[in-house]
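Let me begin by presenting the structure, written as structure tokens, before commenting on it.
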Amino acid sequence: MNVKQANLQEQRKQLPIAKGKDAIIQEIRDNDVTVLLGETGSGKTTQIPQYLLESGVSGSGMIAVTQPRRVAATSLAGRVALEQNTSLGDLVGYSVRFDEVSSADTKIKYVTDGMLIRELLSDRLLSRYSVIIVDEAHERTLRTDLLISKLKTILKARNAPVHVDRKGKGRASALKANPLKVVIMSATLDAEKFSKFYDGAKILYVKGRQHPVQIFHTASGQSDYVDAATRTFFQIHVDQPPGDVLIFLPGQEDIESLDKSIQVYAARLPAEHMAVLTCQMFAALPPGQQSRIFNPTPANTRKCILATNIAETSITIPGIKYVIDTGKSKEKRFVARDVGSGFDTLLTGDITKSSAMQRAGRAGREGKGYCFRLYTEDAFQAMSATSDPEIRRCSLTSAFLQLKCLGEDLEELDFMDKPDADAVQFALKILFLLGALDTKKSLTSIGRHMASFPLEPPLACVVLTSKEHGCTLEILDIVSVLSCTSKLFFDVSDDRDNALEARRKFRHSSGDHMTILNAMRAYQEIASVESKGARRDWCRKHYLNERTLMEATKIRDQLRVACERIGLDWKASCGENEVAVLKSLCRGLVHNSALKQPDGSYMQTTGRSLVKIHPGSALGDRKADAIIYDELVFTTQIFARGVSAVPKALFAALPIFNRRGIS
DNA sequence: GAGCACTGC
């Protein structure tokens, strides 16, 4: 063993979880389900799988460790492979969308929870795995909840008691030879809830390793948190020793205004104070500006990072000693209204206790830290402990379709938290409108095809419909951009006119979908002839997010393969005939459509809400008779985002307008 | 006239 490896093993032994190693292994060996409550820094995510492997608890099967995020799955696998002194993909591997590194020798596999759900569709009992570890269960993502629910039924099937026949001979079923162990790992207080769901599963506690963080609350409530954050920052800056500051804010608008305010006051400080360097951090920021936060802080300078929730879990910034927490965040929440319509809201609200603690913890990663909360201690006590699980606040359309493919029903499955009845009805209605379910709520063959695409059901429906109109090539380009994480066009607030001018050549009079197609086509052309650097310059010049275009290209290729599997010719092209494209879009977005009223406003076709075309849309002020859109988001008004004008005549052929009795 | 964060055989 070389020195480096010896050091690594020494580090493993120093982790807080190492102290409880034998007891933990024994408990997992003795129980089908174990709930492990471990604070951050305990080492549970990297060590437990290795303990189970080394002690033989996992037997001959694989250990799956699920993660809500791709980056976590890949980086954890890398770390554990290093600790096992093997190359990644041998003993330790990972599997995330677009990327699988594993082999026949792989015993520990880090996977995204979505990936494991996909695997369920082909292996209902997940029989390749002897242990499934659900990590970050406290985040309660929709997919984690689905998994937790399905694991309960899988446990019943695989660990069924041995049947004893009349002759007294034990007759283990074939599956009993392959029992399953489940470990639920959570970082917060709600371990009881997981335990209760699994009929009183044993709860184990592991201490974490965090430096102490001293927390201060304000004496009275602050009505203007941007102003309060400015004052608090300068109190720290003037009175406190060096160390970077992280400020949590709800969104881009507040970040930009606080940034300006800090810069104005910083310029007026006497010369004996350190300089101030502000960095903005939110998901929609171009990657070049995002990476600035990782640059080392220059000498005699205090770095101040202004961030959204992104810095709470997704990104860890080194060097933070002080946290300022406004106590606010924006949350997307699906509202199903009177079955007729539904939309997302994106509103600023109070954070939860768990989130407040997570934010404070960001100050104690490297040493003693300080957290300044811009709210009173009473306000903290009044916060709810955790946020509503996603299953209570997301559209359930996609989850419902997947469950239908597994022969399950969203209304009957045993969940930790039951989904909202209106949201269930809404999902049912959409799936019926798209033709995925029939009037008896049974899965149709179209529905099964839809589920085979890694797309939201409406977009999968658009792809299937493109066959009729001979434009699958174009539709795949559009749909792959729509299903990207990040947006195609950067939102630049300081350079808007140039951005609009640079993008003008992609703009199509019918609106956003054809505009996306134009940009995607132009990029593909550049990508096929130019070098990487020239491509990047081209994207920058046109204010296009290259990350989105690269991701979209990968998704498009994946969709092409999915098309081939069901015999859909993805090369079918309509050339410049945009009507074919709009017809296909109309079919899948039928529930997302609106008609112009006599006064020029738009009213939903499936509900009674007035909607407004989002100002960022390429459609602009054109007053089309009928529109379709990708989504409806309520912020200050109900905005339709991703909008195209469609000939009104197209609507007549759609099922919603020629069928009655939709429930 | 405006943009919390994740993810998918």
Side-chain angles (χ1 to χ4, degrees), chain A residues 66-73 95-100 111-123 136 139-144 146-147 248-256 281-285 307-315 326 328-333 344-349 351 355 358 387 390 393-394 398-399 401-402 405 448 450-457 459-460 480 483-493 496 500 545 551 554-555 558-559 561-562 564-566 612-617 619-621 631 633-642:
Chain A
T66 73
Q67 294 293 321
R69 281 171 291 278
R70 287 160 50 99
V71 271
S95 174
V96 299
R97 191 185 189 185
F98 305 127
D99 199 6
E100 164 142 20
V111 300
T112 46
D113 40 22
M115 207 63 179
L116 206 57
I117 286 173
R118 277 285 168 189
E119 219 172 305
L120 264 174
L121 291 174
S122 55
D123 178 5
E136 312 284 12
E139 291 189 22
R140 302 289 310 276
T141 67
L142 181 55
R143 283 171 299 276
T144 302
L146 270 177
L147 208 53
F248 283 102
L249 293 137
Q252 181 177 351
E253 197 184 342
D254 289 325
I255 287 174
E256 284 167 356
M281 186 68 208
F282 47 90
L285 203 66
T308 59
N309 261 345
I310 196 169
E312 208 177 289
T313 48
S314 309
I315 284 177
T326 58
K328 303 281 178 191
S329 72
K330 279 191 197 177
E331 192 186 69
K332 211 169 190 175
R333 179 176 278 268
D344 286 314
T345 61
L346 184 59
L347 302 170
T348 300
I351 58 170
S355 178
Q358 182 74 27
S387 49
E390 256 181 28
R393 55 186 170 90
C394 280
S398 186
L401 184 61
Q402 282 180 344
C405 287
R448 199 166 286 282
M450 275 183 206
S452 73
F453 285 92
L455 292 171
E456 289 293 329
L459 294 182
S480 52
S483 69
C484 277
T485 324
S486 42
K487 283 200 219 137
L488 179 55
F489 300 108
F490 280 123
D491 294 316
V492 275
S493 35
R496 185 163 299 152
L500 284 176
N545 190 344
E551 191 187 342
K554 275 204 230 170
I555 292 174
Q558 197 183 31
L559 295 178
V561 174
E564 279 166 9
R565 256 199 298 255
I566 61 164
K612 211 163 164 121
I613 296 172
H614 194 276
S617 169
L619 192 56
D621 292 332
E631 59 171 358
V633 183
F634 176 79
T635 51
T636 52
Q637 304 175 69
I638 305 178
F639 287 109
R641 295 206 284 213

Which part of the nucleic acid, if any, lies within contact of A:R69, taking any heavy atom under 4.0 Å across all strands shown: a base, the sugar-phosphate backbone alone, or nothing? sugar-phosphate
Look at all strands and tell whether A:F639 reaches a base, only sugar-phosphate, or nothing, counting heavy atoms closer than 4.0 Å. sugar-phosphate
Indicate, with a heavy-atom threshold strictly under 4.0 Å, whether A:Q558 touches base, sugar-phosphate, or nothing. sugar-phosphate
For a quick check, tell me whether the side chain of A:S483 and the base of B:dG8 share a donor-acceptor pair closer than 3.5 Å. no
So if I take every side-chain heavy atom of A:K487 and compare against B:dG3, B:dC4, B:dG1, which nucleotide ends up nearest? B:dG3
Starting the side chain at C-beta, find the nucleotide from B:dA5, B:dA2, B:dG3 nearest to A:Q252. B:dG3
Do you know which of A:L249, A:N309, A:T348, A:T308 makes side-chain contact (heavy atoms from CB on, under 4.5 Å) with A:S329? A:N309
Among the candidates B:dT7, B:dG3, B:dC9, find the nucleotide nearest to the side-chain atoms of A:R97. B:dC9
Looking at the side chain of A:E253, which of B:dT7, B:dC9, B:dG3 is the nearest nucleotide? B:dG3
Can you see which heavy atom on A:A460 is nearest to which on A:F453, and at what distance? CB-CB, 4.2 Å
The side chain of A:H614 is closest to which nucleotide in this list: B:dG3, B:dC9, B:dT7? B:dG3
What's the closest nucleotide to the side chain of A:R70 if the choices are B:dG3, B:dT7, B:dA5? B:dT7
Between B:dC9, B:dT7, B:dC4, spot the one nearest the side chain of A:R565, thanks. B:dC9
Checking contacts here: which listed nucleotide (B:dC6, B:dG8, B:dC9) is nearest the side-chain heavy atoms of A:S452? B:dC9
Side chain of A:K612 (C-beta onward), nearest among B:dC9, B:dG1, B:dC6: B:dG1
Please report the distance, rounded to the nearest Å, between CZ in A:F489 and P in B:dA2. 20 Å
Run the side chain to side chain donor-acceptor pair (under 3.5 Å) check on A:S355 and A:E312 step by step: do they pass? CA-CA 8 Å; A:S355 178; A:E312 208 177 289; 2.9 Å; yes
Regarding the side chain of A:T636, the nearest nucleotide among B:dG8, B:dT7, B:dA2 is B:dA2
Under the criterion salt bridge (Lys or Arg N to Asp or Glu O under 4.0 Å), which of A:R69, A:R70, A:R143 is the partner of A:D113? A:R143
Donor-acceptor under 3.5 Å (A:E390 side chain, A:T141 main chain): no
